[in-house]
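We name chains A, B, ... by the order of the sequence lines, and we start the count at 1 in each one.
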Amino acid sequence: MKNTKTLGEELSLYVQAALHDAFPEMIPNDFEATVVKTADSRNGDYQCNDAMALSKILRKAPREIANAIVETLEKPDRKPEMVSSLEIAGPGFINFRLNSEWIADRLLAIEDDAFRGVPQVGAEKTVVIDYSSPNVAKPMHIGHIRSTVIGNALDRLHRFCGFRVLSDNHLGDWGTQFGLIILGYRHFVDQKALEASPVQELERVYVESYQKSKEDESWLDQARKELVKLQQGDEENLALWKKFVALSMGEFDKIYERLDVRFDLTRGESFYNEDLPGVLTRLDEAGLLVESDGAMVVDLEAEKLGVCIVRKTDGGFNYATTDLATVFSRVREFEPETILYVTDERQQRHFRQFFTVCEKLGEGVNLEHVWFGLMRLPEGTFSTRQGNVIKLEVLLDEAERRALEIVQSSSPDLPEAQQRDVARAVGIGALKYADLSQNPQSLVTFTWDKAMALDGNSAPYLQYAHARIRSVLDKHAAQFPDDTLEGAIPVCTLDLEKGLGLKVAQFPEAVLGATKHYRPNYLADYLYELAQQYSTYHQSVPFLKSEDGVRESRMRLIRMVADTLKTGLGLLGIEAPERI
RNA sequence: GCACCGGUAGCUCAGUUGGAUAGAGCAGCGGACUUCUAAUCCGCAGGUCGCAGGUUCGAACCCUGCCCGGUGCGCCA
């Protein structure tokens, strides 16, 4: 597709030109006209509110300015082809109605484009996305789902906008917990349990060892010694550690497969182990390293961020050091424009700290912390030690089980294998959508019913709309084998059709907005509105029984709706089965 | 104490950074399947956008203060 602008951007350019024509030399250089979608279709399709803002600068009444813009745009040789009518309303709003034929043309162009009209704003740019990042030797639980699902959606969105994306699963595989785990493992691991459910057993060992360390000082001492041995490369401990990592990865991979999540890189904290002393050297050379209470820190008091500890009193490094080393490594190896970190809100301060340190060091990379609200249970926060965590595996099982019940009752004719496939797509989709359809920053109180909503604004609603269209298309192909859709123009005759066509043409704006603001819910909202508009349309007009000509046009339009739904759901990591 | 986030319909939440009469879903009430998938659609009802000031043509959105909830604030990640 040659034209890589959204509809709003195109209209903005026309207004910008008209402004300079109507008021030569009077428009400030940095002023950019903006045309946005209307909230209410009674006010047209798009609107420009600049006349009010310019009123002071130009010392003219807003309506006068709006008039001048409209008059310029209505000159016969100047009228944009995409606009069918212009109208001034209220204090000086300019309302645009788009031309139906032009929308139809735009739809054809979108259909021809591999990216469905989405401007490739990320071309030539690299972004590293750091997400999911579970801890080794602990099972993934519902607290991990947001980072995984939101991170994965951002991953897919960025790729679709042309970015070169490197997704990296920054595993917690080198913390101080390994001293306790190794010691615990030696004393009370149950080999049978380990075989049956490795991570669960490792976690049990960890919790027991942790408890013991609380009561028994010498136990804690021994754990510290095991940790030091590990860090110094002791063969036996290293072998145990490798075993723990491998066992954990095996279980993580099962989850990732079910969630259809893939990483380009899986580099845990241990990957950067050897770089840690170098981080200190570099900080020292930059004059940023100071000693404080026996620890080495970077003083960020001036930024009101306290101090950032990079070496503990005992000489060990901590997460800030590792995170710095990770940035250096990524910048050196991949030269990213941006690194995205998708974690919960509790780490905001930590990220602001080490982002500031990177800035002081002159790392030329844009660091973004995409944080999301904490997930909690109705009775309060959950924690491993309280034993009230819901394991991700259990959650996924339950989602599929609930979906299967519905599929069996509403599609009893489907073969069982297909019922299972559909249930998987619907169940997992519902789960993902529950997270992706809301503002990531809102706090989430987990309930089974909410996480797995199957009606209303939910993934199954979108999947249902998509499957319905596919079903109509199949019936059409069977009943009218001679119809060729390729020659047909998508109709935009009825209001419903024009609205639907316009909505499809706005897909790029939705994708860009979601990507730019790191807000997958912008895309989810868009898809929901699209599906809603389609459902209304579906209810109101006949497809297969409509007259020749109209029929093909309608089929062409709804096929585009189906394709848009499928692509959009795909960007959220949600499947769109042909039948549900 | 300081910092960040949240407070919008009975419940769960949107509201793309200042635009027109604040929107959905669920729950409630009333309608629509002999017809392309009723996991659907149409309609009704439901609001002091936490409170009080301020900024301006215009504020749920920006500023100030306060109330309530969450989270964080040196050697965990």
Side-chain angles (χ1 to χ4, degrees), chain A residues 36-40 42-43 47 49 52-53 55-56 61-62 89-93 95 133 135 170 172 174-177 269 292-297 304-314 316-320 322-323 343-350 352 371 373-374 376 381 403 406-407 409-411 426 434 437-439 441-445 447 449-450 453-458 460-461 463-465 467-476 479 509-510 512-514 516-517 519 521-522 524-526 528-529 532 535-546 558 579-580:
Chain A
V36 297
K37 281 181 284 184
T38 53
D40 188 329
R42 278 173 296 189
N43 298 321
Q47 66 181 50
N49 310 325
M52 277 83 77
S55 166
K56 255 186 225 129
F93 298 111
N95 295 332
S133 309
N135 289 324
H170 191 68
W174 200 251
T176 44
Q177 76 268 31
E269 291 161 357
S292 167
D293 294 338
M296 300 306 287
V297 307
K304 292 188 179 144
L305 289 171
V307 297
C308 180
I309 296 175
V310 290
R311 201 182 72 189
K312 299 184 283 184
T313 320
D314 67 6
F317 302 109
N318 65 355
Y319 50 95
T322 308
D323 279 333
T343 83
D344 75 55
E345 60 182 314
R346 287 176 301 188
Q347 302 189 35
Q348 284 183 86
R349 188 185 165 86
H350 164 242
R352 277 169 57 196
W371 60 266
L374 212 54
R376 39 186 287 132
T381 50
I406 307 243
V407 174
S409 70
S410 61
S411 308
V426 167
S437 63
Q438 65 176 302
N439 183 345
Q441 301 190 343
S442 56
L443 181 142
V444 173
T445 303
T447 63
D449 287 340
K450 193 166 45 153
L454 300 173
D455 53 9
N457 186 358
S458 68
Y461 178 86
Q463 291 167 324
Y464 177 68
R468 254 174 151 185
I469 300 174
R470 284 269 110 87
S471 169
V472 172
L473 288 166
D474 285 353
K475 290 218 162 72
H476 173 260
Q479 283 179 39
E509 302 183 60
L512 281 184
K516 194 167 108 194
H517 298 282
R519 294 281 294 270
N521 69 304
Y522 289 164
D525 276 357
Y526 164 83
Y528 179 59
E529 284 164 15
Q532 264 183 321
S535 296
T536 301
Y537 182 57
H538 179 98
Q539 206 81 16
S540 340
V541 307
F543 298 134
L544 302 181
K545 286 180 182 166
S546 55
I558 68 171
R579 297 278 179 279
I580 82 167

Interatomic spacing from [atom1] in [X] to [atom2] in [Y] - rounded to 0.5 Å:
| X | Y | atom1 | atom2 | result |
| --- | --- | --- | --- | --- |
| A:Leu544 | A:Lys475 | CG | NZ | 8.0 Å |
| A:Gln47 | A:Asn95 | CD | CG | 6.0 Å |
| A:Thr313 | A:Met296 | OG1 | CE | 11.0 Å |
| A:Tyr319 | A:Glu269 | OH | CD | 11.5 Å |
| A:Asn318 | A:Cys308 | CG | SG | 7.5 Å |
| A:His350 | A:Asp323 | NE2 | CG | 4.0 Å |

Counterpart residues, side-chain contact (heavy atoms from CB on, under 4.5 Å), relative to A:Gln441 (two or more places apart) =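 A:Gln441: side-chain contact (heavy atoms from CB on, under 4.5 Å) contacts with A:Trp371, A:Asn439.
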
What residues, two or more places apart in sequence or in another chain, satisfy side-chain contact (heavy atoms from CB on, under 4.5 Å) together with A:Arg346?
->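 In terms of side-chain contact (heavy atoms from CB on, under 4.5 Å), with neighbours along the sequence ignored, A:Arg346 is linked to A:Asp344, A:Leu374.
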
Close aromatic pair by centroid cut-off 6.0 Å: A:His476 and A:Phe543 |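 So the answer is no for these two rings.
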
Kindly write out the residues that satisfy salt bridge (Lys or Arg N to Asp or Glu O under 4.0 Å) with [X], not counting sequence neighbours, or none if the list is empty.
| X | result |
| --- | --- |
| A:Asp314 | none |
| A:Asp455 | none |
| A:Arg470 | A:Asp563, A:Glu578 |

[atom1] atoms of [N] and [M], separation to the nearest Å:
| N | M | atom1 | value |
| --- | --- | --- | --- |
| B:rA52 | B:rA9 | P | 16 Å |
| B:rU48 | B:rC67 | P | 23 Å |
| B:rG19 | B:rC13 | P | 24 Å |
| B:rG53 | B:rG46 | P | 27 Å |
| B:rG15 | B:rA20 | C1' | 15 Å |
| B:rU8 | B:rC62 | P | 16 Å |
| B:rA24 | B:rU34 | C1' | 34 Å |
| B:rC63 | B:rU17 | C1' | 15 Å |

Is a donor on one side and an acceptor on the other found under 3.5 Å between the side chain of A:Gln348 and the backbone of A:Glu345?
->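 Yes.
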
Side-chain donor/acceptor of A:Lys450 to backbone N/O of A:Val444, under 3.5 Å =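 Absent.
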
Which residues share a ring-ring contact (aromatic ring centres under 6.0 Å, His included) with A:Phe317, sequence neighbours left out |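 ring-ring contact (aromatic ring centres under 6.0 Å, His included) check on A:Phe317 returns nothing, list empty.
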
Is any side-chain nitrogen or oxygen of A:Lys56 closer than 4.0 Å to OP1 or OP2 of B:rU56?
->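 No, no such contact exists.
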
Rounding to a whole Å, what distance do you find between [X]:[atom1] and [N]:[atom2]?
| X | N | atom1 | atom2 | result |
| --- | --- | --- | --- | --- |
| A:Leu443 | B:rA14 | CG | P | 11 Å |
| A:Tyr526 | B:rA24 | OH | P | 18 Å |
| A:His170 | B:rA77 | NE2 | C1' | 9 Å |

Which heavy atom of [X] sits nearest to which heavy atom of [Y], and what is that distance?
| X | Y | answer |
| --- | --- | --- |
| A:Ala434 | A:Ser437 | O-OG, 3.7 Å |
| A:Ser55 | A:Pro62 | OG-CD, 3.7 Å |
| A:Ser535 | A:Arg468 | OG-NH1, 4.0 Å |

If you look at every strand shown and take non-hydrogen atoms under 4.0 Å, does A:Thr445 touch a base, only sugar-phosphate, or nothing?
->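 No contact.
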
Stem ranges for RNA chain B, with three or more consecutive Watson-Crick or G-U pairs under 3.5 Å?
->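 Paired runs of 3+ in RNA chain B: B:1-7 with B:67-73, B:10-13 with B:23-26, B:28-32 with B:40-44, B:50-54 with B:62-66.
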
Using side chain to side chain contact (heavy atoms under 4.5 Å, CB included) as the criterion, point out the one residue from A:Asn49, A:Asn43, A:Thr38 that pairs with A:Phe93.
->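 When A:Asn49, A:Asn43, A:Thr38 are each tested with A:Phe93, the side chain to side chain contact (heavy atoms under 4.5 Å, CB included) holds only for A:Asn49.
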
Got a donor-acceptor pair under 3.5 Å from the side chain of A:Ser535 to the base of B:rC41?
->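 For A:Ser535, whose side chain was compared with the base of B:rC41, there is no donor-acceptor pair (under 3.5 Å).
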
Taking syn as any angle within 90 degrees of 0 and anti as the rest, which one fits B:rC42?
->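 Anti, angle beyond 90° from zero.
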
For B:rU17, does the O4'-C1'-N9-C4 (purine) or O4'-C1'-N1-C2 (pyrimidine) torsion place it in syn, i.e. within 90° of 0, or in anti?
->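 Chi for B:rU17 falls in the syn range.
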
Residue met sooner reading RNA chain B from 5', once A:Phe317 and A:Val307 are mapped to nucleotides =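 Taking each residue's closest nucleotide, the earlier one in sequence belongs to A:Val307.
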
For RNA chain B, whose closest nucleotide is more 5', that of A:Arg346 or that of A:Val444?
->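 Its nearest nucleotide lies further toward 5', so the answer is A:Val444.
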
Tabulate protein N/O versus nucleotide N/O from nucleotides 15-23 of chain B, keeping only pairs under 3.5 Å, one per line.
from   : atom 1 : to       : atom 2 : distance (Å)
B:rG15 : OP1    : A:Arg519 : NH2    : 2.3
B:rG15 : OP1    : A:Asn521 : ND2    : 3.2
B:rU16 : O4'    : A:Tyr522 : OH     : 2.8
B:rU16 : O2'    : A:His517 : NE2    : 3.1
B:rG19 : O2'    : A:Gln47  : NE2    : 3.1
B:rA20 : N7     : A:Gln47  : OE1    : 3.0
B:rA20 : N6     : A:Gln47  : OE1    : 2.9
B:rA20 : N6     : A:Asn95  : OD1    : 2.4
B:rA20 : N1     : A:Asn95  : ND2    : 3.3

Would you list the protein and nucleotides 59-62 of chain B atom pairs, both N or O, that sit under 3.5 Å from each other?
none

Scan nucleotides 1-5 of chain B against the protein and return all N/O pairs shorter than 3.5 Å with their distances rounded to 0.1 Å.
from  : atom 1 : to       : atom 2 : distance (Å)
B:rC4 : O2'    : A:Gln348 : OE1    : 2.9
B:rC4 : O2'    : A:Gln348 : NE2    : 3.4

Mark up nucleotides 28-39 of chain B, 5' to 3', with B wherever a protein heavy atom is under 4.0 angstrom from a base atom, S wherever such an atom reaches only the sugar-phosphate, and - elsewhere.
-> -------SBBSB

A:Lys516, NZ: over 12 other non-hydrogen atoms inside 6.0 angstrom =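 It does not: A:Lys516 NZ has 12 such atoms or fewer within range.
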
Please write out the pairs of protein N or O atoms and N or O atoms of nucleotides 42-44 of chain B separated by less than 3.5 Å, giving the distance to one decimal.
from   : atom 1 : to       : atom 2 : distance (Å)
B:rC42 : OP1    : A:Thr536 : OG1    : 2.9

